[in-house]
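Just below is one structure, and these are the notes that go with it.
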Amino acid sequence: MTTDATTTAASRADYCVIACAEAWRDNGEVLASPMGLIPSFGARLAKRTFSPDLLLTDGEALLVGLDGRPEGWLPYRRHLTMVTGGRRHVMMGASQIDRYGNQNISCIGDWEQPTRQLLGVRGAPANTLNNPVSYWIPKHSARVFVERVDMICGVGYDHAVGPYHRLPRVVTDLAVLDFETPDHAMRLVSVHPGATVDEVRAATGFELVTGADVPVTREPTAEELRLIREVIDPGGLRNREVIDPGGPRNREVRS
């Protein structure tokens, strides 16, 4: 497969992979812990391009290289040292998330009698207090982006303690968001091509901080698209998770 840098059509899913990869830019030698398909593709893309020192694992006990071959052993004690010392950058999901980044993956409704039982708290509190944590949300909606989460699992800025707590970004199928505001309220950073600021606002259950001119999520380079399509996800699994609402678009891609 050859990549034409001037006519390649970037799908919505391609932009999501790029946006997730950017979460690990300039992280240095930290352990990437992506949870989910597109975050995993993003971490692998980041390591192959602008974050070569990023550490990837097989999900269990081995550090692996770009070809998936073992490069080192990651015993549990070493993993715990990284987990508790800010040397891991996690990208989790969220059933609910609020304006200050509190995340819920445990239950919907009142704790005493929830209407829906979810995964449970799991490692979310320790992740958010001990490591930078970003979020990937494949369906941006007001059911997920709520005024107040029903239960705090991942800790947001209004409850944060400790030196390692940081929420670098939230990536969704519509946009990129962060918390770079004076009170750490969620801010709209960019919208993916084909999405609009009004669409993102309508799909958010609280008022987002937005600037006067919200940019479009950056274009992937021709090399980034080649890596995504030929090396990282040749089967196109990303396009099953995020469907391009406008179909393929011929966009000029930087070489």
Side-chain angles (χ1 to χ4, degrees), residues 16-28 30-36 38-40 42-43 46 51 54 82-106 118-119 121-192 200-201 203-211 214 217:
C16 292
V17 173
I18 289 293
C20 286
E22 285 287 347
W24 285 285
R25 181 180 286 275
D26 300 325
N27 275 200
V30 303
L31 183 65
S33 293
M35 300 178 186
I38 285 181
S40 295
S51 293
L54 203 62
M82 301 182 81
V83 166
T84 58
R87 296 190 58 204
R88 183 175 71 150
H89 185 164
V90 182
M91 182 170 280
M92 295 194 295
S95 300
Q96 292 179 327
I97 190 168
D98 66 26
R99 70 173 69 239
Y100 295 109
N102 296 293
Q103 170 245 35
N104 176 24
I105 52 172
S106 184
L118 305 174
L119 289 174
V121 174
R122 301 179 72 85
N127 287 344
T128 47
L129 292 178
N130 293 304
N131 305 273
V133 172
S134 294
Y135 289 102
W136 160 243
I137 298 169
K139 181 63 177 178
H140 195 132
S141 75
R143 294 179 64 182
V144 178
F145 288 80
V146 296
E147 183 68 37
R148 184 177 179 180
V149 297
D150 292 334
M151 178 178 177
I152 296 175
C153 300
V155 181
Y157 278 105
D158 57 341
H159 292 90
V161 294
Y164 301 119
H165 178 273
R166 186 165 65 90
L167 307 177
R169 66 170 38 195
V170 178
V171 181
T172 80
D173 61 327
L174 297 180
V176 178
L177 309 103
D178 67 15
F179 301 91
E180 298 297 319
T181 56
D183 63 349
H184 294 298
M186 192 181 292
R187 177 184 69 154
L188 180 58
V189 175
S190 68
V191 294
H192 305 326
V200 174
R201 284 175 172 159
T204 304
F206 53 85
E207 186 175 351
L208 282 169
V209 178
T210 57
V214 177
T217 303

Any side-chain heavy atom of Leu118 within less than 4.5 Å of one from Ile105? no
Shortest non-hydrogen contact between Leu208 and Leu188, atoms and distance: CD1-CB, 4.4 Å
Could you go through the side-chain contact (heavy atoms from CB on, under 4.5 Å) check for Val121 and Met151 one step at a time? CA-CA 9 Å; Val121 174; Met151 178 178 177; 3.3 Å; yes
Does the side chain of His192 reach to within under 4.5 Å of the side chain of Val176, using non-hydrogen atoms? yes
To the nearest 0.5 Å, tell me how far Ser95 OG sits from Leu119 CG. 6.5 Å
Between the side chain of Asp98 and the main-chain N/O of Tyr100, is any donor-acceptor distance below 3.5 Å? yes
I'd like to know if Arg169 and Asp178 make a salt bridge, using a cut-off of under 4.0 Å between side-chain N and carboxylate O. no
Atom pair CG (Leu174) and OG1 (Thr217), whose distance is rounded to the nearest 0.5 Å: 10.0 Å
Where is the tightest heavy-atom contact between Ala185 and Val209, given as atom of each residue plus distance? CB-CG2, 4.2 Å
Between Glu180 (side chain only) and Arg187 (backbone N and O only), is there a donor and an acceptor less than 3.5 Å apart? no
Work out which heavy atom in Leu54 is nearest to a heavy atom in Trp24; give both atom names and the distance. CD1-CD1, 3.7 Å
So, for His140 and Phe145, is the gap between ring centers shorter than 6.0 Å? yes
Heavy-atom donor-acceptor pair, His184 side chain to Phe179 backbone, under 3.5 Å: yes
Just checking Glu207: does its CD atom have more than 12 heavy atoms from other residues, nucleotides or ligands closer to it than 6.0 angstrom? no
Which atoms form the tightest heavy-atom contact between Cys20 and Ile38, and what is the distance? SG-CG2, 3.9 Å
How many angstroms lie between atom OG1 of Thr210 and atom CE of Met186, to the nearest 0.5 angstrom? 13.5 Å
Any side-chain donor near an acceptor of the partner, Asn102 and Arg148, under 3.5 Å: no
Between Lys139 and Val144, is there a side-chain heavy-atom distance shorter than 4.5 Å? no
Side chains of Ile152 and Asn104 in contact at under 4.5 Å (non-hydrogen atoms): no
For Val155, is there any backbone N or O sitting under 3.5 Å from a side-chain donor or acceptor partner on Thr128? yes
For the pair Trp136 (side chain) and Met91 (backbone), establish whether a donor and an acceptor sit closer than 3.5 Å, ignoring hydrogens and angles. no
Least distance between heavy atoms, Ala21 atom then Ala46 atom: O-CB, 3.7 Å
Counting distance only, does the side-chain N/O of Tyr157 pair as donor-acceptor with the main-chain N or O of Leu167 below 3.5 Å? yes
What's the separation between atom CG in Asn130 and atom CZ in Arg88, rounded to the nearest 0.5 Å? 8.5 Å
Do the non-hydrogen side-chain atoms of Pro138 and Asp173 ever get within less than 4.5 Å of each other? no
Counting heavy atoms not belonging to Arg25, are there more than 12 under 6.0 Å from its CZ? yes
Compare all side-chain heavy atoms of His89 with those of Ser134 and state whether any distance is below 4.5 angstrom. yes
Rounded at 0.5 Å granularity, tell me how far OG1 in Thr172 sits from CD1 in Ile137. 7.0 Å
Rounding to 0.5 Å, atoms CG (Asn131) and OH (Tyr164) come to a distance of 10.0 Å
Ignoring hydrogens and angles, tell me if any N or O in the side chain of Gln103 forms a donor-acceptor pair with the backbone of Gly93 under 3.5 Å. yes
